[in-house]
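Here is the structure we will look at.
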2 protein chains.
Amino acid sequence: MHELMRGTGGRVVETLNEYGLSLTQMKALYLLDEPTEEVSVKVLGTCLAMSLPAASRTADSLLLRGLVTRHEDPEDRRIKRLLITPEGREVLRTLEAVRLDGVERWAQALTTTQRDALHAALLTLHDGDDDHPDNEGPR
Amino acid sequence: MHELMRGTGGRVVETLNEYGLSLTQMKALYLLDEPTEEVSVKVLGTCLAMSLPAASRTADSLLLRGLVTRHEDPEDRRIKRLLITPEGREVLRTLEAVRLDGVERWAQALTTTQRDALHAALLTLHDGDDDHPDNEGPR
DNA sequence: TATTGTTATACTCTATAACTATA
DNA sequence: TATAGTTATAGAGTATAACAATA
């Protein structure tokens, strides 16, 4: 598992460097990619375990790169809502492609027996989640 | 897998914060924990993909905390060799205990069926490594 | 007065450049 | 001249404190 993470993570970090994005900026983009809600700066900070100023600066940097937009909440003008742009989503899709490519390369290096065993284990893990949908694991 | 890493990683980061250690300092300690070689500052930097000054500063900080020692190589006085102290090893053993504890908590939350399938898959993966000892996976 | 967000300032970690000591 | 390491300086990212705007 450690090897898998190290191998695939390296490519992702490389890609982030090419875009000039930090890991925090990537996490923020992923949070904003959720289509359910329009995230405030405060929520961004809370979800990413960051101070409010850090969240504000992170939003600034993404704004500067055109990956998000920022606008006042009409119902509470203290709140600034952040919205990912099409360019932002495109960056995330690229990152996911890189990650998937890494996992596939790793899986290709396995024997058929190994792949089958891993596949069976992952299926079982996934089925268990369906049985207990509110169980997100320990801690 | 993502959930496992996130759950166990959080505890490790917490412990590092308690010790006042950064992730880089932890990696450096782990490198020095290998009993095979006495690592130079340059090698430390290379292995951790850091600049030489950064490696030097990292060594400084570990020295200050008493987790490593630094001494000139008698055969080439330009080289400074770093050595982990018993205190340094103790920190690493604590970190490993925290990590293992996290994995065990995660495994405890699985059903017997899930644990068995995972166990079988990991065994198969491990056997494959023995068949191809020079295969460290793709990339 | 409380909450949301920004700006001011300081600290950590890192890099490149300049420097010292040794080979 | 080349190499190992340190020191100087600058930039990114973060935190706390002080501030502005809105509720």
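Note that the structure is a prediction, hence the values are computed from the model and not measured. In what follows, every heavy atom counts, from backbone to side chain, and hydrogens, waters and symmetry copies are set aside. Here is how names work: the chains are called A, B, and so on, in the same order as the sequence lines, proteins then strands, and each is numbered from 1.
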#### Entry: salt bridge (charged side-chain N to carboxylate O under 4.0 Å, His left out) contacts in which one or both residues fall within residues 51-68 of chain A, not counting sequence neighbours
A:D60-A:R70

### Query
Between A:I79 (CD1) and C:dA2 (P), how many Å, whole number?
18 Å

## Note on the structure
Taken in chain and number order and not counting sequence neighbours, the residues that satisfy side-chain hydrogen bond (donor to acceptor under 3.5 Å, both in side chains) with A:S51 are none

### Message
If you assign A:R77 and A:L21 each to the DNA chain D nucleotide with the nearest heavy atom, which residue ends up on the more 5' nucleotide?
### Response
A:L21

### Counterpart residues, side-chain hydrogen bond (donor to acceptor under 3.5 Å, both in side chains), relative to B:D101 (two or more places apart)
B:R105

### Summary
For A:E104, the side-chain hydrogen bond (donor to acceptor under 3.5 Å, both in side chains) test, sequence neighbours excluded, returns none

## Note on the structure
So the salt bridge (charged side-chain N to carboxylate O under 4.0 Å, His left out) pairs with at least one residue in residues 41-52 of chain A (sequence neighbours excluded) are none

Close N/O contacts between protein and nucleotides 16-20 of chain C (under 3.5 Å):
none

#### Entry: Covered region of DNA chain D, 5' end to 3' end, by chain A [heavy atoms, under 4.0 Å]
D:dG13 to D:dA23

### Query
Of all residues at least two apart in sequence or in a different chain, which pass the salt bridge (Lys or Arg N to Asp or Glu O under 4.0 Å) check with B:E72?
B:R77

### Message
I'd like to know if the side chain of A:Q25 pairs up with that of A:T58 as donor and acceptor (distance under 3.5 Å, no hydrogens or angles considered).
### Response
no

### Message
Give the residues of residues 55-76 of chain B touching DNA chain D, defined as any heavy atom closer than 4.0 Å, sorted by residue number.
### Response
B:S56, B:R57, B:R70

### Query
If you look only at pairs with a residue in residues 21-34 of chain B, which of them pass as a salt bridge (charged side-chain N to carboxylate O under 4.0 Å, His left out), with sequence neighbours excluded?
B:D33-B:R89, B:D33-B:R93

### Task
Please list, chain by chain and in numerical order, all residues satisfying side-chain hydrogen bond (donor to acceptor under 3.5 Å, both in side chains) with A:T94, sequence neighbours excluded.
A:Y19

### Task
Identify, with sequence neighbours excluded, every residue that meets side-chain contact (heavy atoms from CB on, under 4.5 Å) alongside B:H71.
B:E38, B:R81

